[in-house]
Amino acid sequence: MPDLPPKPATGVSRRTLARATAAAGLAVLFGAASGTARARAATRLGPRTLDVSVPSAALGRSAPVRLILPTDFGTRPERKYPVLYLLHGAHDDYTSWTRETDIEAFTEGRDLIVAMPDAGPTGIPSVWRDGPDYETFQVKEVPALLARDYRASGVRAVAGVSTGGYGAMAHAARHPGAFTAAASYSGILDTTAPGVPAIMDAIVARENLPADSLWGHPLLNLLTWRDFNPRARATGLRGTALYVSQGSGVGGGGDPLPGILESALWPSAQGFARALTLLGIPATTHLYSGGGHDWPYWKREFTASWPMLARALGVPE
């Protein structure tokens, strides 16, 4: 399979800003009832790419979704298409996959819709204790709109980077059968593993939000934390094709921060993979030495996971 070539850099990157302080960097690089209202007018960005503003009851506002439509969408009005959902990481947004990869060219001629929904400034697509419900937005409201307005079929797969990798596994685990496949690239897959609650708190705090506004206190509200933990809900993944990748972050030259961030999630990914094995749930895992919490590795892992995603979606590899 061809790799996803990088897009040219424009302006000051988020990673450059993240180097200001270690605490800020930790947060920045860890980003790593359903509504039925019709979408507002779409903004066309290219022949196949458009941004749609989706009125959301779960969020209490409209939120954006970037769509890449199939090549033959305009000439096959009778056809329905499977959907690949791509989720962004922390302190990023719904434009990240088209900004950092060449996903438009990669999916040309493959007869699927690509949907990239927003997950808010933290990039944690969950049901917030004191705030919005990004899980319902992504799992119910956006699919309902795509089925009604863009001829989406009921076949769906989901993949994400960092907090989006968390979202991919959490959505699939908490909504069994909603997705035929789920892929996580450096995702936060065990939210109660040692050190991980502090990482989640850092992500939330960087957006000037109270730490307990997500799921409450990690000890006092342990049951809530477990309810939204992909590892604790792993039985819900039975029957879903899975791909899990994570680097150890050890070694390597250049900027050490991505490697440090990646290594902080290494035990979480290992624990998640062990839980799947103990439950007898098949998964393709790539737990590799080195690497960093960064797009060059995530693009490589997306390419490696593509055959699995394509089979689950029923589209050409």
Side-chain angles (χ1 to χ4, degrees), residues 30-32 83-90 92 97 115-117 119 122-128 133-140 142-143 156-193 196-197 199-200 203 214-215 224-247 262 264-287 293 297-298 301-302 304-306 308-309 312-313:
F30 273 108
V83 183
L84 172 63
Y85 290 83
L86 296 177
L87 309 184
H88 66 81
D92 212 326
W97 278 87
M116 295 155 280
T122 67
I124 304 173
S126 187
V127 182
W128 285 61
D133 181 354
Y134 282 101
E135 180 181 280
T136 295
F137 174 67
Q138 294 188 352
V139 177
K140 295 184 178 180
V142 173
R156 293 179 273 169
V158 60
V161 300
S162 193
T163 53
Y166 158 80
M169 289 299 164
H171 289 350
R174 286 173 49 80
H175 300 270
F179 300 94
T180 58
S184 167
Y185 319 117
S186 303
I188 303 175
L189 303 181
D190 184 356
T191 59
T192 59
V196 176
I199 292 170
M200 303 297 283
I203 293 170
L214 178 56
W215 300 317
T224 302
W225 277 72
R226 285 179 56 83
D227 193 35
F228 290 100
N229 186 354
R231 179 175 179 175
R233 299 294 298 264
T235 55
L237 295 169
R238 195 178 305 278
T240 303
L242 303 173
Y243 185 91
V244 177
S245 68
Q246 175 73 44
E262 190 75 352
L265 291 181
W266 177 251
S268 172
Q270 288 182 311
F272 180 74
R274 284 194 300 270
L276 294 178
T277 299
L278 289 174
L279 290 168
I281 297 175
T284 300
T285 58
H286 185 206
L287 305 181
H293 206 74
Y297 300 97
W298 300 337
E301 294 304 314
F302 173 81
S305 69
W306 173 249
M308 179 208 76
L309 294 170
L313 291 166

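Residue indices begin at 1 and follow the sequence shown.
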For G247, is there any backbone N or O sitting under 3.5 Å from a side-chain donor or acceptor partner on E262?
yes

Evaluate the ring planes of F179 and Y85, with Trp represented by its six-membered ring, and classify them as parallel (under 30°), tilted (30 to 60°) or perpendicular (over 60°).
perpendicular

Just to verify, what does R231 make a salt bridge (Lys or Arg N to Asp or Glu O under 4.0 Å) with, not counting sequence neighbours?
D190

Can you label the angle between the F228 ring and the W215 ring as parallel, tilted or perpendicular, going by 30° and 60°?
parallel

Applying side-chain contact (heavy atoms from CB on, under 4.5 Å) to R238 and not counting sequence neighbours gives L279, I281

For T191 and W225, what are the C-alpha separation, side-chain angles and deciding distance, and is it a side-chain hydrogen bond (donor to acceptor under 3.5 Å, both in side chains)?
CA-CA 7 Å; T191 59; W225 277 72; over 6 Å; no

Residues F272, L237; criterion side-chain contact (heavy atoms from CB on, under 4.5 Å); working and verdict:
CA-CA 12 Å; F272 180 74; L237 295 169; 3.7 Å; yes

Please verify the inter-ring angle class for H171 with H175; under 30° counts as parallel, over 60° as perpendicular, anything in between as tilted.
perpendicular

Could you check whether any side-chain N or O of T240 sits under 3.5 Å from a backbone N or O of T180, counting only pairs where one atom can act as donor and the other as acceptor?
no

Is the side chain of R233 donor-acceptor paired with the backbone N or O of D227 at a distance under 3.5 Å, no angle test?
yes

Checking the side chain of T163 only, and the main-chain atoms of G123 only, is there a donor and an acceptor separated by less than 3.5 Å?
yes

I'd like to know if the side chain of S268 and the backbone of A193 have a donor-acceptor N/O pair within less than 3.5 Å.
no

